[in-house]
Amino acid sequence: QLQLVESGGGLVEPGGSLRLSCVASEFTLTYYAIAWFRQAPGKEREGISCISITGETTDYAHSMEGPFTISRDNAKNTAYLQMHNLRPEDTAVYSCVAGSTCSRLVSSPSYWGQGTQVTVSS
């Protein structure tokens with residue numbers, strides 16, 4: 001089945017770190033730009049970051065760069081989101097999406113993952 005599968009979420013204490021993974025199943029991630037989004041309970045979905053097909057270009061939403069770092073390893077068919085200094089307000093379901101370019105991901109996504117829960121709490 002053609003899909004994106006996220007992993008790496010879980011419960012972490014404030015100030016902690018997590019690395020999320022986004023693996024493409026039965027298709028090659030190499031041909032797609034990848035973005036990470038999150039959605040907290042009762043809130044709208046929020047864009048975090050996007051990385052180009054080659055990985056040479058990355059974009060971040062305001063205030064996301066620094067605590068979050070997007071990367072990809074095309075040889076492993078995987079994209080990552082490294083998160084540092086997590087706060088309770090970062091609690092959300094984190095999802096990855098693939099599209100032809102970063103600018104078209106939202107309007108014309110090719111694949112969405114199911115998401116992985118990140119909970120920041122002491």
Side-chain angles (χ1 to χ4, degrees):
Q1 182 177 358
L2 300 174
Q3 60 181 348
L4 292 171
V5 180
E6 301 94 337
S7 63
L11 174 64
V12 62
E13 292 186 349
S17 300
L18 284 174
R19 188 177 78 159
L20 307 182
S21 298
C22 171
V23 179
S25 175
E26 299 192 15
F27 72 97
T28 302
L29 206 58
T30 304
Y31 303 119
Y32 297 91
I34 302 296
W36 285 94
F37 289 81
R38 69 183 182 183
Q39 188 164 20
K43 295 186 177 181
E44 293 187 355
R45 188 172 61 212
E46 179 181 28
I48 300 171
S49 183
C50 189
I51 188 167
S52 63
I53 291 174
T54 62
E56 292 180 351
T57 303
T58 57
D59 295 314
Y60 292 87
H62 180 63
S63 78
M64 296 292 186
E65 190 169 13
F68 298 95
T69 303
I70 193 171
S71 62
R72 67 189 298 159
D73 186 340
N74 286 340
K76 295 183 178 180
N77 221 26
T78 303
Y80 304 97
L81 184 69
Q82 180 69 55
M83 306 186 293
H84 294 295
N85 195 26
L86 287 163
R87 305 166 300 172
E89 49 265 45
D90 293 317
T91 295
V93 175
Y94 286 70
S95 301
C96 59
V97 59
S100 58
T101 65
C102 285
S103 61
R104 298 188 63 187
L105 272 171
V106 176
S107 60
S108 301
S110 298
Y111 303 98
W112 273 96
Q114 294 289 334
T116 184
Q117 176 70 45
V118 172
T119 302
V120 185
S121 175
S122 56

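Everything numeric here is computed off the predicted structure, so don't read it as measured data.
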Compare every heavy atom of N74 with every heavy atom of T30, then report the nearest pair and how far apart it is. OG1-CB, 3.8 Å
Flag yes if L11 and V118 sit in one hydrophobic cluster, no otherwise; membership is Ile, Leu, Val, Met, Phe, Trp, Tyr, and two members link when side-chain heavy atoms are under 4.5 Å apart. no
Quick one: are V120 and P14 in side-chain contact, heavy atoms under 4.5 Å? yes
Interatomic distance, L81 atom CG to S95 atom OG [nearest 0.5 angstrom]: 11.5 Å
So CD of Q82 and CZ of R19: to nearest 0.5 Å the spacing works out to 7.0 Å
Side-chain donor or acceptor of N77 paired with backbone N/O of F27 under 3.5 Å: yes
Please report the interatomic distance CD1(I34) to CD1(I70), rounded to the nearest 0.5 Å. 8.0 Å
Looking only at heavy atoms, the pair that brings A35 and L105 closest together is CB-CD1, 3.2 Å
Looking at CG of L86 and OG1 of T91, how far apart are the two atoms once the value is rounded to the nearest 0.5 Å? 8.5 Å
Do V5 and V93 sit in the same hydrophobic cluster, where Ile, Leu, Val, Met, Phe, Trp and Tyr count as joined when their side-chain heavy atoms come under 4.5 Å apart? no
Looking only at heavy atoms, the pair that brings N85 and S17 closest together is N-OG, 4.3 Å
Common cluster, L2/Y32, ILVMFWY with side-chain heavy-atom separation under 4.5 Å: yes
State, to 0.1 Å, how close D59 and S49 come at their nearest heavy-atom pair, and which atoms those are. O-OG, 2.8 Å
Are there over 12 heavy-atom neighbours, none belonging to E89, within less than 6.0 Å of that residue's CD? yes
Pairwise ring pair (Phe, Tyr, Trp, His ring centres under 6.0 Å) hits with a residue in residues 33-84, at least two apart: F37-W112
Heavy atoms of G9 and T116 approach each other most closely as N-OG1, 3.2 Å
May I have all residue pairs that pass disulfide bond (SG atoms under 2.5 Å apart) and include part of residues 19-69, sequence neighbours excluded? C22-C96, C50-C102
How long is the span from the CD1 atom in I48 to the CE atom in M83, to the nearest 0.5 Å? 7.5 Å
Pairwise distance OG1(T119) to CG(D90) - rounded to 0.5 angstrom: 11.0 Å
What about V23 and L18, same hydrophobic cluster or not, with Ile/Leu/Val/Met/Phe/Trp/Tyr joined at side-chain heavy-atom distances under 4.5 Å? no
Flag, side chain of E6 to backbone of Q114, donor-acceptor distance under 3.5 Å: yes
Kindly write out the residues that satisfy salt bridge (Lys or Arg N to Asp or Glu O under 4.0 Å) with R72, not counting sequence neighbours, or none if the list is empty. none
If I compare all heavy atoms of S110 with all of G99, which pair ends up nearest, and what's the gap? OG-CA, 3.9 Å
Any side-chain heavy atom of L29 within less than 4.5 Å of one from L4? yes
